[in-house]
2 protein chains.
Amino acid sequence: MNASDTQQRHELKVDLVAVVAAVIDGDPRALTIRRGSALPAGPFELGHRSLQAGLRDWVEQQTGHPLGYIEQLYTFADRDRIAEEHARRAISISYLGLTRDEWSASQPPRDWQSWYGYFPWEDHRAGAPSIIADAILPHLKAWTEEAGGTAREERRQRIAIAFGVDDRPWNEELVLQRYELLYEAALVEEALRGRGEEHTPPVPGRPMIADHRRILATGIARLRTKIKYRPVVFELMPPVFTLLQLQRAVEALAGRLVHKQNFRRLIEQQELVEETGETTFETGGRPAKLFRFRPAVLMERTAAGTKLSVTRA
Amino acid sequence: MNASDTQQRHELKVDLVAVVAAVIDGDPRALTIRRGSALPAGPFELGHRSLQAGLRDWVEQQTGHPLGYIEQLYTFADRDRIAEEHARRAISISYLGLTRDEWSASQPPRDWQSWYGYFPWEDHRAGAPSIIADAILPHLKAWTEEAGGTAREERRQRIAIAFGVDDRPWNEELVLQRYELLYEAALVEEALRGRGEEHTPPVPGRPMIADHRRILATGIARLRTKIKYRPVVFELMPPVFTLLQLQRAVEALAGRLVHKQNFRRLIEQQELVEETGETTFETGGRPAKLFRFRPAVLMERTAAGTKLSVTRA
DNA sequence: CAACTTATACTCAGTCGTAGCATAAGGAGA
DNA sequence: TCTCCTTATGCTACGACTGAGTATAAGTTG
C-alpha cells in the first residue's frame, strides 16, 4: 500500500562499511578511523567496478591498508538508527576483511583498536568478565521487570541464552544478540542518542558513530562462527608460526581459551598445516616447531569443509 | 582514486528480491511471478519502514502471499550481470522467506515453481541425476581444457569439490558454487545473454530474468545449510504432522535421502517435537503418531543451537 | 642444579553419526 | 482368513570424534 502510493524518488545513498580484523600482540583488533570512533566507510559510487572494489578503495584511501580476503556481512537500513546522523536515509552494506598488520616503517601507523574496548563483556579468556555479573545482568534484570506479561518472560529467555545464565553455556558467537539486547535495554551510549538523555551509559564499552558498533559486532560474530568450519585464520597469521601462536590467535578471536593438546590434535588431523622443518627458540621453554599452511588448503578455502572447533580449555 | 575523482551522483536504485520457499506435494518450491521467470521483487522506497517491511509489501502485492519468517541473504551489485536489463546500475538486496502454502479458495492460485526445474542437477533424492555425468561434467571438463597453467588445475579442483568428483562426497550446500561454475563456463542461458550467441544452453535448467536464478541458488544454499543447525523447518510444516512427513520435507530441501531411524532419534532427542496423542491412518501402513513442534522451540529459534543433521540414507 | 616454561605424546571415557536387525500395526489381494 | 506389502517404531553395535587428564621432553632463568 504505502509502497505504491508514495511516489518518491527511488534513489538512495549506499554506503560501504568495512570491519577489518587482525590479531596484533595477542589482541583481536579492528581497523578504525577518527581515533577509534568509526569504521572505514564511504559511499558506493558509479565509478566503482563492484561493491567489493568500492570497499577496497575506501579502506585503502582512509587507512592506507590494502585488503586481502573480504566477504559480505549484512546490509542495514534501519531508519531509527541512522536518523540522527544523516538527514537522508542511507543503506549500509558491510563487509568483513581479514589481514595481517604488515606495516612498513615508511607507512603511517594504522589505527588498530582492540575489539574488547568496544565489547568488554566479550573477552572470556581470563574467565567471565566481572562487569557481566556486576553491571550488565542487574541492569538487564531491571529491564525485564519493566515489561509485563509474555514480554517479560521472553526478555528473560533472550538474556539467559545470550549471556549464559542458569547453567547455560557461554556461547561466544552471540556477539550481535548481546549488543542488541544492551541496545534495546538502553544500556549502551548509542541507544541514548537524540533522546535528550545524554548521560553516561550504565554499561562500559566504547561507542562508535551511527551504527558502526553494531556492524562491528556483526563482523565479530561472523568471524567467530566462521573459524569453526572454514580455514580463515590463515589470513590473520604470518606465513610461518608455531602451533601455540595459532592457538593464541584463535583464542583471541573466540574470546575463550582452548585445550592445548586437543587443539593440536585437531589441527594436525585436519592436515591444515605442515612443518617447515625449523624450530624457534623465541617462545621461552622448549623450542617449538614452525609450521606453515598447506598450499592445498589455501586453494580449497572457498569450498572445503574444515572444522576448527573451539574446544574448551 | 577513481572513487574520489569521479564526482557523480551518489544515489542508486535499490531493489528488494525475495526467495520464498515452501514444500508442496513433497517438492521444494519457490514463489515466482511472470510464470516462473522471475522472483517477487520491487524497489526499496522511502515510504517503507524498513528493508524487511518493503520486501513484505512487494511480495504481498505481487503474489498475494503474506510472509512470515524472513532473513537477509545477500546484496548484489555486479554491473555485468544486470547491465542488459537496466540501463542504470542497481543494487539487489535479497531475502529468504519460509512459509506454508495456505491458500484459501477465494485467493488466486500462487505461482509456486519447483526448485529443481531451475536446478535439475540439485535433486539427488533418487540418486545423482544423470545429467551430471552425461552433460555437465563433460562440458566442464572441456572448459578446464580451455584454460592453461595453474588456472586449469584450479578449475579442476573447484569442479571436483562442487560436484563431488573422484570419491569426494556430494555436498548439497554448494548450490551457489555449482551455479557459478556453470555460469562461468557459459553452460547456462544467463551467461550467453547479450553476447550475440543466443543458442540453447548446453545444460538443462530453466533460466530467470537478470540474476534471479543466482539469487534463488543463494537462497537454496542458505536454507540447506541452515536446517542443519537451526530449527527452521518448522516454518514450512503444517501445525501437525508425522515424523515421516517431516523427514520428507527435510529431504526435499536437502535434495538427498536420510536414514529414517536415525532421523527420528535425532528429532526426539533434540526435544523439538511432542506427540499430539493422535494418530493418522492416511499414510498407508501402520498408523503414524502425530506430532507438533514444542512451543519452547518456536520461542528459542533465534538463538538456540539445534542440529538437524542430514544423515545419509 | 632447581624451578619454571613451553612442547608434545598418549590414554580414556563419553557422545555422536552411521548402519543394520527386529518387531508392531495397519491395508490389499489371494 | 491368511499372506504379503507398507509404514512405523524400538534397539543394538561400532567407529569416529570430543573433552579432559596424565606423562614426558627440551629448552630458559636464577
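Hydrogens, waters and symmetry mates are skipped; everything else that's a heavy atom, side chains included, is used. Letters A, B, ... mirror the listed sequences (proteins, then strands); counts begin at 1.
Not a single donor-acceptor contact under 3.5 angstrom links the side-chain atoms of B:Arg265 to the base of D:dT9. Evaluation of atom-type donor-acceptor distances gives a pair under 3.5 Å for the side chain of A:Asn262 against the base of D:dG19. Checked by distance alone, B:Arg286 brings a side-chain donor or acceptor within 3.5 Å of a matching partner on the base of D:dA8. At a cut-off of 3.5 angstrom, the base of D:dT22 holds at least one donor-acceptor pair with the side chain of A:Gln261.
For the pair A:Arg178 and A:Trp170, the distance from NZ or CZ to the six-membered ring centre is under 6.0 Å and the angle to the ring normal is within 45 degrees.
Rounded to whole Å, atom P of C:dT8 lies 8 Å from atom CD of A:Glu275. Atoms CD (B:Gln269) and C1' (D:dC11) sit 14 Å apart, rounded to a whole Å. If you measure from atom CG of B:Leu244 to atom P of D:dT6, you get 14 Å, rounded to the nearest angstrom. Remark: P of C:dT6 and CD of A:Gln245 are 12 Å apart, rounded to the nearest angstrom. Rounding to whole angstrom units, CZ of residue A:Phe263 and C1' of D:dT18 are separated by 15 Å. The NE2-C1' distance, from B:His259 to C:dG20, rounds to 7 Å in whole Å. Whole-Å rounding puts the B:Gln270 CD to C:dC16 C1' distance at 11 Å. Rounded to an integer number of Å, the gap from A:Glu268 CD to C:dA7 P is 13 Å.
Between A:Glu180 and A:Arg158, none of the side-chain N atoms (NZ, or NE/NH1/NH2) sits under 4.0 Å from a carboxylate O, so this pair counts as no salt bridge. Between B:Arg156 and B:Asp166, none of the side-chain N atoms (NZ, or NE/NH1/NH2) sits under 4.0 Å from a carboxylate O, so this pair counts as no salt bridge.
Exactly one of B:Glu172, B:His124, B:Glu122 qualifies for a side chain to side chain donor-acceptor pair (under 3.5 Å) with B:Arg256. That residue is B:Glu172.
A donor-acceptor pair under 3.5 Å links the side-chain atoms of A:Arg222 to the main chain of A:Gln72, judged by distance alone.
A:Lys260 has a side-chain polar atom (N or O) that falls below the 4.0 Å cut-off from OP1 or OP2 of C:dA7.
Within the nucleic acid shown, B:Leu243 has no heavy atom closer than 4.0 Å to any nucleic acid atom.
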